Chemist: 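Below is one structure. I have some questions about it.
Keep in mind that the numbers below use all heavy atoms, side chains included, and drop hydrogens, waters and symmetry copies. In this text, all values refer to a predicted model and were calculated from it rather than measured experimentally.
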Amino acid sequence: AASELAAALSSGDVRGLLQRSRSRDEYYVGLYDWLAQSPMAIAGYKLYPQSEEVAYCYLKTTSHAEYTAVMTRVNGSVRLDAVYLSDIFEASMSIPTENEPVRFVKNLHRFGIRTGFSQVADIPLPSIAALCIDEEYRDRVKSGELAPEERYLPPEWIAQAARDYFGLENFSYTFDEELYDSARGQYIYDANRGERCEAAIVAQWEQDGVAYVTAQFYTDPLHMTVDKTITYSLRKK
């Protein structure tokens, strides 16, 4: 897998990795297009398996730049999920992935909230609905109230999530058929919902009952050029 990846990055012929894994093309197209247009001269590589499904591949180019590729096995084939400068990747990995404030901010980005905001009214309703569905699904599965294979959530659960996370009373967003099944009268969970966001969590700390999460946004899929930095403050209700 590592030698196949190195060859693909060197030649710029990376699309085959995506096509064989039969993954969502629209999610990865920006990364793969970038790599296809900017071949890397790979001088060496080393693979570090993390599990049966995930591995990190450390790459060194002839210009001595170091990158880390995140690889996932999907449908029996290897998919390239991301390529980062190694120092950025290592800084991001030092922050616990199961940290609740970090996960929440990542979901903000995933569902299109990528600017700073000072009030809930600044956040689009579809993004609030999508985030509440995702968070509620995760919490209900974790508590055993919902089977992992279930995909429909009752409106009262989403209204409660909107109240807990955003302080909104009587929340309802039933106009989008991708989020709400009007025939069932229930919201729809979809693990593939959301968009790729070129951002990384670079710091997280807590002070006086408030959690702070700092994210850097980048202009490119390899996270080489910083576009902006935003620090979010989150208070648990």
Side-chain angles (χ1 to χ4, degrees), residues 23-24 27-28 31 50-51 53-54 56 68 70 72 74 79 81-82 84 88-118 120 122-151 153 157-168 171 173 179 187-218 221 223 228-237:
S23 296
R24 284 194 304 147
Y27 187 82
Y28 295 97
L31 169 65
Q50 304 298 303
S51 67
E53 292 81 26
V54 178
Y56 302 147
T68 300
V70 181
T72 306
V74 180
R79 179 186 69 204
D81 282 349
Y84 305 117
I88 293 175
F89 176 77
E90 289 167 7
S92 179
M93 289 299 292
S94 67
I95 299 172
T97 56
E98 289 304 310
N99 182 305
E100 186 175 356
V102 168
R103 190 191 75 247
F104 187 79
V105 168
K106 285 184 174 181
N107 266 348
L108 288 176
H109 301 162
R110 178 182 164 201
F111 297 124
I113 308 167
R114 300 172 185 180
T115 60
F117 56 89
S118 58
V120 174
D122 296 333
I123 305 175
L125 291 179
S127 297
I128 292 177
L131 189 148
C132 288
I133 292 169
D134 197 87
E135 292 285 343
E136 197 67 8
Y137 171 85
R138 177 186 179 279
D139 289 345
R140 299 287 179 168
V141 168
K142 186 177 180 179
S143 69
E145 297 173 80
L146 190 71
E149 64 274 12
E150 181 58 67
R151 292 295 177 266
L153 287 75
W157 287 6
I158 307 308
Q160 181 63 51
R163 185 180 304 113
D164 292 342
Y165 289 112
F166 298 102
L168 295 173
F171 177 80
Y173 188 77
L179 298 173
Y187 287 92
I188 307 166
Y189 170 76
D190 183 352
N192 290 322
R193 183 177 291 133
E195 300 176 354
R196 184 186 185 90
C197 179
E198 302 307 344
I201 305 300
V202 295
Q204 193 277 316
W205 71 98
E206 295 190 15
Q207 183 177 338
D208 299 329
V210 179
Y212 297 90
V213 180
T214 298
Q216 282 188 339
F217 295 78
Y218 303 89
H223 294 188
K228 59 187 175 184
T229 300
I230 296 176
T231 296
Y232 302 85
S233 58
L234 308 169
R235 186 183 297 275
K236 193 175 184 67
K237 285 187 174 289

Chemist: OG of Ser127 to CG of Asp122: how many Å apart, nearest 0.5 Å?
Modeler: 12.0 Å

Chemist: Is Arg193 close to Phe111 at the side-chain level, that is, under 4.5 Å between some pair of heavy atoms?
Modeler: yes

Chemist: With a 4.5 Å heavy-atom cut-off, do Arg138 and Arg103 have their side chains touching?
Modeler: yes

Chemist: Donor-acceptor pair, distance only, cut-off 3.5 Å: does the side chain of Arg151 make one with the backbone of Ile188?
Modeler: no

Chemist: With rounding to the nearest 0.5 Å, note down the distance linking CG in Leu108 to CG in Leu234.
Modeler: 7.5 Å

Chemist: Of the non-hydrogen atoms in Trp157 and Arg140, which two are nearest, and what is the gap between them?
Modeler: CD1-NH2, 3.3 Å

Chemist: Run Ile128 and Val120 through side chain to side chain contact (heavy atoms under 4.5 Å, CB included) and show every step you take.
Modeler: CA-CA 9 Å; Ile128 292 177; Val120 174; 4.0 Å; yes

Chemist: Within the structure provided, determine whether Phe104 and Tyr165 are in side-chain contact (heavy-atom separation under 4.5 Å).
Modeler: yes

Chemist: Which is it for Phe89 and Tyr56 under the ring pair (Phe, Tyr, Trp, His ring centres under 6.0 Å) test, yes or no, and what are the steps along the way?
Modeler: CA-CA 10 Å; Phe89 176 77; Tyr56 302 147; 5.0 Å; yes

Chemist: Does the pair Tyr84 and Glu90 meet the rule for a side chain to side chain contact (heavy atoms under 4.5 Å, CB included), with working shown?
Modeler: CA-CA 9 Å; Tyr84 305 117; Glu90 289 167 7; over 6 Å; no

Chemist: Tell me the closest heavy-atom pair linking Pro126 and Leu179, and the distance in Å.
Modeler: O-CD1, 4.0 Å

Chemist: When the side chains of residues 197-208 are checked against the rest of the protein, which donor-acceptor pairs come out under 3.5 Å, sequence neighbours left out?
Modeler:
| unit_1 | atom_1 | unit_2 | atom_2 | d |
| --- | --- | --- | --- | --- |
| Glu198 | OE1 | His223 | NE2 | 3.0 |
| Glu198 | OE2 | Arg196 | NE | 2.8 |
| Gln204 | OE1 | Asn99 | ND2 | 2.8 |

Chemist: Is a donor on one side and an acceptor on the other found under 3.5 Å between the side chain of Tyr173 and the backbone of Ala130?
Modeler: no

Chemist: How far does CD1 of Ile158 sit from CD of Glu135, to the nearest 0.5 angstrom?
Modeler: 10.5 Å

Chemist: After noting the C-alpha distance and the side-chain angles of Ile88 and Gln216, does the key distance pass the side chain to side chain contact (heavy atoms under 4.5 Å, CB included) rule?
Modeler: CA-CA 10 Å; Ile88 293 175; Gln216 282 188 339; 5.9 Å; no

Chemist: Can you list the steps and then say if Tyr189 with Glu136 is a side chain to side chain contact (heavy atoms under 4.5 Å, CB included)?
Modeler: CA-CA 9 Å; Tyr189 170 76; Glu136 197 67 8; over 6 Å; no

Chemist: Might you point out which heavy atoms bring Tyr212 and Ser233 nearest each other, and give the distance in Å?
Modeler: CE2-CB, 3.7 Å

Chemist: Compare every heavy atom of Leu153 with every heavy atom of Ile133, then report the nearest pair and how far apart it is.
Modeler: O-CD2, 3.9 Å

Chemist: What distance separates Phe217 CZ from Arg114 CZ, expressed to the nearest 0.5 Å?
Modeler: 7.5 Å

Chemist: Quick one: side chain to side chain contact (heavy atoms under 4.5 Å, CB included) partners of Arg110, sequence neighbours excluded?
Modeler: Asn107, Asp134

Chemist: Report yes if the side chains of Val105 and Ile230 come closer than 4.5 Å at any heavy-atom pair, otherwise no.
Modeler: no

Chemist: Where the side chain of Tyr232 meets the backbone of Phe117, is there a donor-acceptor pair that is under 3.5 Å apart?
Modeler: no

